[in-house]
Number of protein chains: 2
Amino acid sequence: MAKRVSHRDSICGVARPLDAIGDWWSLLIVRDAFDGLRRFGEFQKSLGLAKNILSARLRNLLAHGIMETVPAADGSPYQEYVLTEKGRGLFPLLVALRQWGEDFFFEPDEAHVLLVDRKSGLPVRRLELRAQDGRVVGAGDTMVRLPQTSPENGIA
Amino acid sequence: MAKRVSHRDSICGVARPLDAIGDWWSLLIVRDAFDGLRRFGEFQKSLGLAKNILSARLRNLLAHGIMETVPAADGSPYQEYVLTEKGRGLFPLLVALRQWGEDFFFEPDEAHVLLVDRKSGLPVRRLELRAQDGRVVGAGDTMVRLPQTSPENGIA
DNA sequence: TCGAGCGGTTTTAAATTGAAACCACCCTGT
DNA sequence: ACAGGGTGGTTTCAATTTAAAACCGCTCGA
């Protein structure tokens, strides 16, 4: 469960969150939670994974503060799993993943779900990274700056 | 290697790309590739993973068209691994992951790398999802529309 | 009080991971 | 020619993780 990462990775800002999510199942659970699923059985039916795995993944998400349990909500004596603010912070990541999937994993004419703005019903725009002045920047237009040392290339 | 996902997932637009990436190591390899790393040994030294694992992950990334091998580049008789356009399409996802990490995985005063605009040297803006009319939309402002059926809630 | 649904845990086999050893190829020096 | 080192892997094997299935306990309604 606790995958050890190198020091370089622990400061890098990418490996640490990856470690918290755990594995892909966790991300699919989070996606379903955004969909409004809350109950153990709902996740299990939606994802089709074994109950012990789901149990372990939920426990991990709870331990990392990505989800939390709330007592009842609709009378039943069971608890429900809901996203915390930290968990809701994963929304852009899921959108990025979805848009990447739309770009490269579906044939142009292949049917797939579409993320639309609830108010207008129109598809949302593409995620774009912008600099402070509003320019859209790509990977090559960015670099990472290390904490106190001199700048260095890449997006590390 | 080939994790089976349900039909619901195969159309969902999230599970399919997840399956292609494979696991977290692959995403760290892609991150390093954005950093300019190209050689087997560079990846291995940077990530500190076993050579057989790196070999398997690179093979998987090649198989999914996320990276490709190019013959030489600098005289050496070896091949190099570079991102394809599909692989470069993962940039927003990595940025989303990084920004989430910055938000929730570092103490306010804790040193961490910063993604900056290369031209201005200033930090990049936050990724924002916008509707066609330019409004910033969050998870609750969106829904998914299935291919030919009636609309349905959630971000599925 | 019986049974069913829900939410797990335990058990067990199978698959995956990862460390280390091994190997092949090319280049360099002598 | 050939010894040695760097690079890029594959193979081997033990240990961990995964996953399916059985089991368990609780609550509720009949």
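Side-chain atoms are counted along with the backbone in the values below, which use heavy atoms only and exclude waters and symmetry mates.
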Review point. Under 3.5 Å, is there an N or O donor on one side and an acceptor on the other linking the side chain of A:Y78 and the base of C:dG8?
Key: no
Review point. When you check the gap from the basic side-chain N to the acidic O, do B:D133 and A:K119 get nearer than 4.0 Å?
Key: no
Practice item. Return the value, rounded to whole Å, for the distance between atom CG of A:N52 and atom P of C:dA14. Key: 16 Å
Check your understanding: Looking only at side-chain N and O atoms, does A:R59 come under 4.0 Å of OP1 or OP2 in C:dG8?
Key -> no
Practice item. Assess B:K51 against B:F43: is NZ or CZ under 6.0 Å from the centre of the six-membered ring, and within 45 degrees of the ring's axis? Key: no
Check your understanding: Honestly, is A:R31 close enough over A:F91, meaning NZ or CZ under 6.0 Å from the six-membered ring centre and within 45° of the axis?
Key -> no
Exercise for review: Check whether any side-chain nitrogen or oxygen of B:Q44 sits under 4.0 Å from OP1 or OP2 of D:dT7, and answer yes or no.
Suggested key: no
Check your understanding: Roughly how many Å is it from CD in A:E80 to P in C:dC6, rounded to a whole number?
Key -> 13 Å
Revision key, fill the gap. B:L58 CG to D:dG9 P, in whole Å, measures 8 Å
Practice item. Calculate the interatomic distance between B:I53 atom CD1 and D:dC13 atom C1'; express it in whole Å. Key: 13 Å
Exercise for review: Please state how far atom CZ in A:R57 lies from atom C1' in D:dA19, giving the value in whole angstrom units.
Suggested key: 11 Å
Check your understanding: If only side-chain N and O atoms of B:Y81 are considered, is one of them under 4.0 Å from the OP1 or OP2 phosphate oxygen of D:dT7?
Key -> no
**Study point:** Atom-to-atom span, CH2 of A:W24 to P of D:dT17 - whole angstrom
**Key:** 18 Å
Point to revise | Interatomic distance where CG belongs to B:L61 and P belongs to D:dG9 [whole Å] | key: 13 Å
Check your understanding: Any side-chain N or O of B:S55 less than 4.0 Å from the OP1 or OP2 oxygen of D:dG9?
Key -> no
Check your understanding: Between B:E68 and B:R88, is there a salt bridge with N-O shorter than 4.0 Å?
Key -> no
Practice item. Please check the phosphate of D:dT7 (OP1 and OP2 only) for any side-chain N or O of B:R39 closer than 4.0 Å. Key: no
Practice item. For A:E42 and C:dG7, give me the distance from atom CD to atom P, rounded to whole Å. Key: 8 Å
Check your understanding: Closest heavy-atom contact between A:Q99 and A:L127?
Key -> OE1-N, 2.9 Å
Check your understanding: Think A:W25 has a side-chain N or O under 4.0 angstrom from the OP1 or OP2 of D:dT18?
Key -> no
Study note, to complete from the structure: 5'-most contact on DNA chain D (nearest-nucleotide basis), B:K51 vs A:P77, goes to B:K51
